[in-house]
Structure formats: C-alpha cells, structure tokens
Amino acid sequence: MDERKHSIPSNVRFWVRYYLENEPRIFWIAVTGILLTPLFHMLALYFPKVTLSLVETGVSPGRLLWVLLCYTLLYLAARGISEGFSHYNNMALNAQRQRMVFLTFLKSLRIPYAYTESEKGRDAFRKAVEVQNHGDWSASSRFVFIANSLASTFLTFVMYSTVLGSLNAWMVILLLVLAGLGYLLDLRENRFHNRLRQEEAVNEKHYQYMKAAMGNAKAAKDIRIFGMGVWLRERMGLVVGAKEKLESRKAFWVWRNGFLGRFLNLVRDLGAYGYLVYMAVSGEMPVSDFVLYFGAITGFSGFVRQVASDLAALQQASEDTDWVRSYLELPEEDLSTGSRHVGELAQPIAIEFRDVSFSYRSGEHKTELFSHLNLQIKAGEKMALVGRNGAGKSTLVKLLCGFYDPDEGTITFNGIDAREFPKAERYGLFSVVFQDLFFPGVRMDESIALQETERIDQDRLQKALEHAGMAKVFKEKQITMDRYMGSLKKEGVELSGGQYQRLLLARALYQDGAVLVLDEPTAALDPIAESQVYESYQAYSQGKTSIFISHRLASTGFSDRIVLLEDGKIVEMGSHQELMERKGAYAKMFRIQSSYYADTGNGSSGYGHNGNAKGKGEA
C-alpha cells in the first residue's frame, strides 16, 4: 500500500468534486468571489483617474460628487458582498475540515487491520489527520483559499496588463520577467521548507512527548522518588534546543531569500516609476494618467508576485492533499465475500492450523515468526497457550480471528477453510478479551457492549453483568447505565483493575461468541485477583472451545491441554501433569513461578506448590 502521488490538477478536481457533493455553496461562493475581486480592484484603480479627469475637464461640483458617490457605493457593495461570502465560507470550510478528519478516522476502521497496526499505517494515518489539523492552513481549507486567490488574482493581473500594455508593452515584459524571478525564489523557499518537514516532525514529536511526560500526573510519583527532575529538565532543554536551532536556520534562510526578493522589487520599482516620472515631467502624460499607471504598476507587481506565491503554495497544498487522498484511497478490507456461512458450523467448533507460516514485514525487511506451524484444538477443548513475551501467542490469536492472513497454509473451522467465511461473520464467532483495556468514554451500557444504546439488549446485558459479578458492584456504587465511563464527563465512572477485568468478562458474556479467547487479560493483576477472574471465565467457558493465553501459568489449572510456544514454535504440548512429569521447559517455568508464590504466600495459581491441581477443599 504505497503512497500515491497526484498531480495538482488531479487534486483540484478532487476538492471540486468533494465540495460539490458535500457543500456546493462553498464552490459557488468561491466562484462568485473570483469574479467580484477583479471588479473592486479595477474600481479602486480607476477611482483616482476618474476623479482627476473630472477635475481637469472642469465639471460642476455637484456632478463630481454624484459620480464619486456612485463609485464609492459600487465599490463598497462589491467589497461587502465578497467579504460576507468569505465569512460564510470560513465557517463552512471549518465544518468540512472536521468532516474530512472524521472520514479519515472511519477509513482507518475499514482498511486491513495488519496495515492499520503497522508503523507505516500509523504514520500514514497520523499525517493524513495532521495536515487537516491546522485550521485555515489545513489542506482542505487552504486549497480553496489558494485556488480562489490564484484565479481572482490572475483575472486582475490580465486586466492590469491590458492597462499597462496601452502605455508600453516592454514595461509589461520587464515586470513579468522580474516577477518570474520572484516566483523562482518562492519555489526555492518552498523546497527548503519541504526538506525540513521530516526534521520538524521528529523535533515536534519529541517535544510533544516530553511535554506530555512532564505534565503527566501519573508519572509525578516516579519523578519525585527517583529524582528525575534535573534529568527531565536537561532532556527537555535538549529537545527545545533542537527546535530553536532548526527555527534559527529557517529564520536566517527565509531572511536571506527575502532579501533577494526585496532587491528584485527595488529594481522593478526604480525602473517602472522612473519611466512614469520621466513621461510626466516631459509633458507626454497628463496627471490623471500618471496616477492611473502608477497605481497599475504597483498593483501589477503585487499581483504577479501573488500569483507566483499562490502557485508555490498550491504545490504545498497539493502535497498535503496527497496524504489525505492516499489514505482515503487505500484498499478496504473485504468483509462480505465468502462461499460459506458460520451458521453452518456445528458447535462447539474445532480449530486447526495447517502448515501455517507468517512473517512480519517492515518495508523490504521480513521477520519470520511461524514456519509451517501445525496445531489442532478440539471442539469444546480448553487450551492454554503459554510462553514468554514475544513467543507469538498474541499473533496466533490475530491469525485465528482473521486480523492477519497467513503467508502459507490454512486455518480451518470444523475442517472448512476459514477464508471461505465472510470476514464480518468470522469476527462474530469470537468472544475475545484482549490484554489492552478498551472502554470508550460513552454511556456505561455502550462502553461495555460496544454498541449504540438503541441496539443493546438491556436484559441480556444485565444478566451478563450478574454472571460477571458486577451487577452487585454497580448497585452498591449506584452506577446506572446512563452514567459515563471514564473522566470525559462529570461524575464519570472509574473502576479498579479487577473490576475492569470483570467488565471484560461481561462483554464476552454479552457477545456470546462460539469461541472464547483470553489474550493475557490479567497481566496487570495480582495472583489472587487473577485466579478469581480465571475462575469466572472457567464457569463461562463450559461447552465452548476456549483458548487461554498467558506468560503466567494461572490459566493452566483450568485447561484440558497446554501448548508452550517459544520463538513461534511449539516446544511442548500436553496436560499439566504430563508436562510436569517430563521436567522440561514448562515444568521449569511453572516451578519458578510457583516458588515465587510460595515465598510471598500468594499461592493462588490453580495448583498447589507441589505442582498438583488443587482439590475443591484445598485453600
């Protein structure tokens, strides 16, 4: 999914189509502004000439005042209409900018998960959003402003050229040449800023990270205990110093480039105004024409530079637009294609990994994790998948759920290739509790069920909360379903780690998928709380195919079979008793963890300290 490059005309067509489809008034108001702007520029240009011409011809004061009044009213009307339209467009553009950010977010939900999770995908999303988060300088707004300015300035430039052409065609050519040189300076400055964008992004990323870290209340305890204040100030000083150094480079370069531009302006003004003064002094030009041409030269030079500046800015806006378009045009995940339906599957479901290979890719670099992996999970079996961090446990879950596709081999459900089922139906097969807590700051019922209130079966949700042991907690704390999760709203609900884990259980109960997958959901809990949570899952998993994943071994006490992964390979497999008798890697890992629990008195892993399963009456 490489970023695509679009030409400036292509990006102009993109925004024209976008606004015509979503807010056509922006387009038509922009067109009106393009036509009105040259009008009041020409009125302003001819106003002094008309006034002086009337005085020179000796018209009556009454007629002079009448003409000036009409001119003024016409000018103010054109200016007022243009500015009114511009004010409306600013508000409309802001709304459309926010809409584009929202569309980018929605797009991130529809592209393949593997790309979304990758560093490249995260970077593409960040840049697509970032170029839309600069107010009037955002890609969508800036394109309209620049295109409007460019078109209206060009029309005005053509009109001014006609006026100056009647004086001296060579003067027009000279002004165009000098303006062209100014345009090259603008392009040069634009390329300079483009070269620095990556360095600026890195500096800004470091600065925002340090600012967030130093203002993080959760980190305040560590900062004080470990005496990190001086070190953090030094680190912040380095980060701020790097930003200031880069800004100094930019300021000097822009000043130097600006100096060359001002020198060109000086040459232009001396030549053009010197010629006008010569014509006026020699008597070849009346005062009214002198004022007209003087204003035309001043405006002409400014318009030519504005056109040059707008062209350079349009190039930058086009590059920003490319980030947005490239992200929006990424291929989307196919959720509906499939020749079979999960409703055909008899439950509980048997799962098999057949000769599965998978590698992580970063650019041209490939890191193989699984090579021809074979694993069978029987229907209704409770399997514990254990191993050190990085052994491949979570990746195996992502392959099972369909977040990743194997490079080789197949995954089957009841002997049927999983790729024959639509992705949307495949996702619905699983009740997955991931290791990362995800409770959005919405209503409690929505945050637990991850659905809109209108779609939630409240009776079913209440039963899930009761089975998870949270209905009583909610009643004691007077937590109702219309309260909000987290600190986003006043009186938002905050819970303990164990209570959040029980809410995850309630979510899994509400989802009621055919396959239960627990991906290290208790990694942050103490052994006693971990054991209690697993006991709850054990009760819920009856009659379901279940996979318990952990690098800690509390889950093995509830499992029919244990699979030990190491570097993407199955190194041991069997029941707890079988693996303990082999005295291999699993037994060693278990004894190390059990000895810790024995030393601390927290022996609640599901086994006694001798490695045997606890009986019902054993504490």
Side-chain angles (χ1 to χ4, degrees), residues 1-38 82 85-86 89-90 92-97 99-101 103-104 107 124 127-161 176 179-195 197 302-331:
M1 298 183 185
D2 295 330
E3 293 84 0
R4 304 168 187 168
K5 292 295 180 183
H6 306 86
S7 65
I8 292 179
S10 174
N11 283 331
V12 170
R13 290 193 297 271
F14 169 79
W15 287 120
V16 169
R17 285 196 302 269
Y18 175 78
Y19 287 120
L20 284 176
E21 290 173 3
N22 297 285
E23 181 55 278
R25 282 174 292 188
I26 290 177
F27 175 78
W28 294 116
I29 288 174
V31 171
T32 304
I34 289 170
L35 298 177
L36 284 176
T37 301
S82 177
F85 282 163
S86 176
N89 253 13
N90 286 344
L93 285 169
N94 187 53
Q96 289 304 313
R97 174 178 63 83
R99 182 178 183 275
M100 182 57 74
V101 172
L103 290 176
T104 306
K107 180 69 178 186
K127 288 182 178 177
V129 172
E130 183 182 88
V131 297
Q132 285 293 101
N133 275 341
H134 299 303
D136 291 343
W137 205 239
S138 299
S140 57
S141 301
R142 185 156 54 141
F143 227 99
V144 174
F145 294 140
I146 294 172
N148 196 331
S149 174
L150 185 60
S152 60
T153 303
F154 180 76
L155 287 176
T156 309
F157 158 74
V158 171
M159 294 179 179
Y160 272 48
S161 298
L176 284 174
L181 293 175
Y183 172 61
L184 293 178
L185 289 176
D186 287 339
L187 282 182
R188 183 167 173 257
E189 183 172 333
N190 196 38
R191 285 193 291 267
F192 169 75
H193 285 296
N194 283 339
R195 288 196 302 270
R197 291 191 78 182
F303 293 138
V304 172
R305 283 303 304 271
Q306 186 63 48
V307 169
S309 176
D310 286 345
L311 287 172
L314 191 64
Q315 176 65 40
Q316 185 64 61
S318 182
E319 292 178 4
D320 287 347
T321 297
D322 207 57
W323 283 111
V324 177
R325 288 188 67 184
S326 295
Y327 196 83
L328 293 178
E329 293 171 2
L330 286 170

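This one's a predicted model, so the numbers in the text were calculated from it and none came from an experiment. The first residue of the sequence shown is numbered 1, and numbering continues consecutively from there.
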Starting from the C-alpha separation in whole Å, work towards a yes-or-no answer on side-chain contact (heavy atoms from CB on, under 4.5 Å) for Met100 and Leu328.
CA-CA 10 Å; Met100 182 57 74; Leu328 293 178; 3.6 Å; yes

Can you tell me how far the [atom1] atom of [X] sits from the [atom2] atom of [Y], to the nearest 0.5 Å?
| X | Y | atom1 | atom2 | result |
| --- | --- | --- | --- | --- |
| Trp15 | Ile26 | CH2 | CD1 | 10.5 Å |
| Leu155 | Ile34 | CG | CD1 | 7.5 Å |
| Leu36 | Ile29 | CG | CD1 | 11.5 Å |

Let me have the donor-acceptor pairs involving side chains of residues 142-151, under 3.5 Å, with sequence neighbours excluded, atom names and distances please.
unit_1 : atom_1 : unit_2 : atom_2 : d
Arg142 : NE     : Trp137 : O      : 3.4
Arg142 : NH2    : Asp320 : OD2    : 2.4
Ser149 : OG     : Asp310 : OD2    : 2.7

Close side-chain approach of [X] and [Y], heavy atoms under 4.5 Å:
| X | Y | answer |
| --- | --- | --- |
| Ser326 | His6 | yes |
| Gln132 | Thr104 | no |
| Trp28 | Leu20 | yes |

Hydrogens and angles aside, do Arg325 and Tyr18 bring a side-chain donor and acceptor to less than 3.5 Å of each other?
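Arg325 vs Tyr18: no donor-acceptor pair found between side chains.
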
I'd like to know whether CZ of Phe154 has more than 12 heavy-atom contacts from other residues, nucleotides or ligands below 6.0 angstrom.
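Open.
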
Are any side-chain N or O atoms of Ser138 and backbone N or O atoms of Ser141, one a donor and one an acceptor, separated by less than 3.5 Å?
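No, the answer is negative, given that no donor and acceptor are paired below the 3.5 Å cut-off.
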
Main chain of Leu314, side chain of Ser318: is a donor-acceptor contact present, judged purely on distance under 3.5 Å?
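Checking the backbone N and O of Leu314 against the side chain of Ser318, no donor-acceptor pair under 3.5 Å is found.
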
Do you know which two heavy atoms are closest between Tyr327 and Ala128, and how far apart they sit?
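What the structure gives for the nearest pair is CB-CB, 3.9 Å.
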
Could you pull out the closest heavy-atom pair between Thr37 and Gly33, with the gap in Å?
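In terms of heavy atoms, the two residues are closest at OG1-O, 2.8 Å.
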
Residue pairs passing the salt bridge (charged side-chain N to carboxylate O under 4.0 Å, His left out) test where at least one lies in residues 11-31, sequence neighbours excluded
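Passing the test, one end in residues 11-31: Glu23-Arg25.
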
